[in-house]
Amino acid sequence: MTPPKVIVVAGVAGSGKTTVGAVLAERLGWDYAEADVFHTEAAIEKMRSGHPLTDADRLPWLRAIAAWIDDRLATGRPGVVSCSALKRRYRELLADGRPGVRIVMLDGDRDTIAARMRAREGHFFDVALLDSQFAALERPTPDENVLVLPVTGTPEETVDRILAALDLVPRHLRA
């Protein structure tokens with residue numbers, strides 16, 4: 001298998017997408033983009049006020065992330081982007097027709113994720129919306145070729161597993 005040029009780190013809110021994505025990008029020496037920067041102000045306000053996003057709310061966000069991915073692939077600049085990618089059709093929008101893209105789904109149970117969310121500071125996503133995330137989640141099926149990893153262990157251990165599974169070499173080990 002050819003190593004990916006873009007990795008989408010996916011999962012419900014609080015699964016560690018941002019932390020794992022940033023560590024992964026740093027280890028690889030790749031660009032990193034946090035999915036939240038692609039949201040409209042209206043979508044952020046909606047989530048901040050405790051209302052889950054609809055598919056219609058998410059579509060411009062997903063298209064913006066897909067455009068970022070396309071730019072990385074077209075310019076040969078590898079990258080890592082975090083994105084919940086909760087539904088199969090979202091993952092298809094981001095990865096289908098893009099052989100250089102690989103999705104990594106961080107997987108955990110609701111109680112573990114809720115505890116992580118309560119511990120973080122300064123994020124607009126209300127922990128009360130977590131149930132809507134799990135309700136929307138369509139777990140990847142084998143035909144999707146999504147790497148699913150549990151959220152056990154440290155972010156560094158998760159990144160080690162991603163690197164090994166995707167046959168990627170950290171920049172400090174490249175000749």
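This structure is a prediction, so every number in the text was calculated from the model and none was measured.
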For the pair Val9 and Leu106, evaluate side chain to side chain contact (heavy atoms under 4.5 Å, CB included) and give the outcome as yes or no after the intermediate values.
CA-CA 7 Å; Val9 180; Leu106 302 179; 3.7 Å; yes
Side chain to side chain contact (heavy atoms under 4.5 Å, CB included) for Trp68 and Val37? Distances and angles first, verdict last.
CA-CA 11 Å; Trp68 185 89; Val37 303; over 6 Å; no
Checking Val20 against Leu149 for the side chain to side chain contact (heavy atoms under 4.5 Å, CB included) test, could you report, in this order, the C-alpha distance in whole Å, the side-chain angles of both residues, the deciding distance, and whether it holds?
CA-CA 11 Å; Val20 168; Leu149 293 174; over 6 Å; no
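Inter-residue side-chain proximity for Leu59 and Asp55 is flagged as unmet; no heavy-atom pair is nearer than 4.5 Å. Looking at Arg91 and Val8, their side chains never come closer than 4.5 Å, going by heavy atoms from C-beta outward. With a 4.5 Å cut-off on side-chain heavy atoms, Ile44 and Asp36 do not count as touching. In this structure the side chain of Leu62 reaches within 4.5 angstrom of the side chain of Leu94, judged on heavy atoms. For the pair Arg27/Val23, a side-chain contact is recorded, criterion being any heavy-atom separation below 4.5 Å from C-beta on. Counting heavy atoms from C-beta outward, Val104 and Leu166 have side chains that approach closer than 4.5 Å. In this structure, Thr18 and Tyr32 have side chains that are in contact, with non-hydrogen atoms separated by less than 4.5 Å. Considering only heavy atoms from C-beta on, Leu53 comes within 4.5 Å of His39 through its side chain.
Listed by chain and residue number, Trp61, Ile65, Ser82, Cys83 satisfy the side-chain contact (heavy atoms from CB on, under 4.5 Å) test with Ala35 (two or more places apart in sequence, or in another chain). Applying the side chain to side chain donor-acceptor pair (under 3.5 Å) criterion to Thr54, with sequence neighbours excluded, gives Asp57. Annotation: side chain to side chain donor-acceptor pair (under 3.5 Å) contacts of Asp143 (sequence neighbours excluded): Arg88, Thr141.
Taken from CE in Met105 to CG in Leu86, the straight-line distance is 6.5 Å, to the nearest 0.5 Å. How far CZ of Arg98 is from CD1 of Ile69: 6.0 Å, rounded to the nearest 0.5 Å. For the atom pair CZ of Arg89 and CZ of Arg58, the computed distance is 9.5 Å after rounding to the nearest 0.5 Å. Taken to the nearest 0.5 Å, the OG1 atom of Thr152 stands 8.0 Å off from the CD atom of Glu157.
When all heavy atoms of Phe134 and Ile113 are compared, the pair lying nearest together is CZ-CG1, 4.0 Å. When all heavy atoms of Arg63 and Leu93 are compared, the pair lying nearest together is N-CD2, 4.3 Å. Of all heavy-atom pairs spanning Arg102 and Pro4, the tightest one is CB-CB, 3.7 Å. Between Pro140 and Val148, the shortest heavy-atom contact is CG-CG2, 4.0 Å. Nearest approach of Asp71 to Arg77, heavy atoms of both residues: OD2-NH2, 2.9 Å. What you find for Leu163 and Pro170 is that their closest heavy atoms are CD1-CG, 3.7 Å.
Side-chain N or O atoms of Lys17 include one that pairs as donor or acceptor with a backbone N or O of Gly11 at under 3.5 Å. Distance alone, capped at 3.5 Å, places no donor-acceptor pair between the Gln133 side chain and the Val12 backbone.
A salt bridge is defined here as a Lys NZ or Arg NE, NH1 or NH2 lying under 4.0 Å from an Asp or Glu carboxylate O, and Lys87 with Glu92 fails to meet this definition. The pair Arg48-Glu45 meets the salt-bridge criterion, since a charged nitrogen lies less than 4.0 angstrom from a carboxylate oxygen.
Each of Val101, Leu28, Leu147 was checked for a side-chain contact (heavy atoms from CB on, under 4.5 Å) with Ile7, and the lone residue meeting it is Leu28.
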